[in-house]
Amino acid sequence: MSKVLEGLLYSESHEWVKVDGNIAIIGVSDFAQSEMGDITYVDMPDIDDEVAKGEDFGALESVKASSELYSPVSGTVVARNDELEDKPELINEDAYTAWIIKVEMSDKAELENLLSPAKYSEIAG
Amino acid sequence: MEEQLKLTCLHEAHVALGAKMSPFAGFDMPIQYSGIIDEHNAVRNEAGVFDVSHMGEIFIKGADAERFVNHIFTNDVRGMEDGRILYGMMCYPDGGVVDDLLVYKEFEDNAYLLVVNASNIDKDYAWMQEQSKGYEVSIDNQSEAFGQLAIQGPKAEDAVVDLLEIEEVRELEFYTFLDAEDDRGGRVIVSRTGYTGEDGFEVYASPDVICDMWQWLMDSGVKPCGLGCRDTLRFEAGLPLYSDELSDKISPVMAGLSMFCKLDKPEFIGRDALAAQKADGVARKLVGIELEDNAIPRATYPVELEDGTVVGVVTTGYHSISLDKSICFALVDSSCSALDTPLWIRIRKRTFAGKVVKKRFYQTKYKK
């Protein structure tokens, strides 16, 4: 059983969002990391790149497969977790501390379409 | 209608071990047990065992066996000593590849064992039948009667000697084999061969005996390894996979395997085409590419020049487990195939810089 953390919002494509004012901190869920297996590379956007809700902003790669990352919100990338460049396995170790990017949201109303921990638990068996 | 997946004799054992199973070459096969990286490292550092019972075993015998095998095979079996093994291909007249295979020279006159890829057994058997007109040979597909284990890694020799209690296994040279008998008088073949770049053995026996051997190896702590790490291991060692690096469209000359095509033989199917390719050059060649970044090149990704001109395509790629680098095989225009040629690979929205390197990424450790 994978872990679903309280206090976060989730997307159906298994990203989590932590809201801090106008900033959305984005990572992937414990379910996503366990499905991927050993993560060997994280493809991240650059700072100042625009991301759009539902569109891919990067990817996770395991030995065998790659899996696109979809942005749960729209906005501008203001930070990325460069530690993941050398240590992608941090996501396997704890998917909820290993954030991937921070986005300055252009439309906070988009958060309303995301899933609560309870709702997400239903799809992340 | 979807064709029913075939099962190897070890299918139940894989499921009981909790393997992640997936269809491969018409069989439901184990992709991984503990994880690809863990299994890969076990083979590089200790020993691992693979179920390769899906592979095909075809026996060719008869007065014309040598002449026939040499007719369909690119390597030269003339004068092969008993107990020796050669790698090579069967080609179409145009130089495209029917399959790549091992030929074992049996311990009797005019007899060979051909070990072929699982995905090609039926095609290969039909091809051999078609080509055999006018040759006095029997062609016997015994693929269902044999299971096969590959025991690979620096500790494989000890594991196989303990398993079989045959000390002579230690004396086997690379690409040789010996014959043995199981308790019930059935045939056991042990060859010093493999598909990992490490020292190792392949053992053929009846399905029941293979199941017993597997259980014995599990009990003695040899790590079960799936097809996932079989691919990462063979790839690092620069070994081709049929359909990715060799096919009816990718000839041995394109794949850089001319050394296994003996163009000085009097004849074999595909010889003239391969000789012409060798003399005139080929449009595309298989190369190794090493990227500067850790992004992972995967099959079908385009290979480009700096200006975006597409000059090739990735055939297999990984972030190499043993070398900790992103590397791939790619088929590229021959003008871009020289070592150190700068090339770029398009991975999703961006391109990543790299250069042509030798295909044998990993220093292989075969027993000479």
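Predicted model, so just to flag it, every value in this text is computed and none were measured. Every chain is numbered from 1 and lettered A, B, ... according to where its sequence line falls, protein lines coming before strand lines.
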Over all heavy atoms of both residues, which pair between A:Glu35 and B:Lys20 is shortest? Give the atoms and the distance, please. O-NZ, 4.5 Å

Minimum heavy-atom separation for A:Ser66 and B:Tyr301, please, with both atom names. OG-OH, 4.0 Å

Is it the backbone or the side chain of A:Glu68 that comes under 4.5 Å from a heavy atom of chain B, or both, or neither? side chain

Decide yes or no on salt bridge (Lys or Arg N to Asp or Glu O under 4.0 Å) for B:Arg348 and A:Asp56, but give the supporting numbers first. CA-CA 10 Å; B:Arg348 289 177 291 276; A:Asp56 68 288; 6.0 Å; no

Which members of residues 25-34 of chain B, sorted by number, sit under 4.5 angstrom from chain A on a heavy-atom basis? none

Looking at [X], I'd like to know if its [atom1] atom is crowded, meaning that more than 12 non-hydrogen atoms belonging to other residues, nucleotides or ligands lie closer than 6.0 Å.
| X | atom1 | value |
| --- | --- | --- |
| A:Glu89 | CD | yes |
| B:Glu304 | CD | yes |
| A:Lys64 | NZ | yes |

Considering only heavy atoms and a distance below 4.5 Å, find which of B:Asp293, B:Ile296, B:Ile321, B:Ile36 pairs most often with chain A. B:Ile296

Straight-line distance of B:His319 NE2 to A:Asp38 CG, nearest 0.5 Å: 12.0 Å

Checking side-chain contact (heavy atoms from CB on, under 4.5 Å) for the pair A:Glu61/B:Asn294: CA distance, chi angles, key distance, verdict? CA-CA 10 Å; A:Glu61 306 242 23; B:Asn294 283 331; over 6 Å; no

Are A:Asp43 and B:Arg350 close enough, and set up right, to give a side-chain contact (heavy atoms from CB on, under 4.5 Å), and what steps lead you there? CA-CA 10 Å; A:Asp43 188 2; B:Arg350 290 185 283 164; 2.3 Å; yes

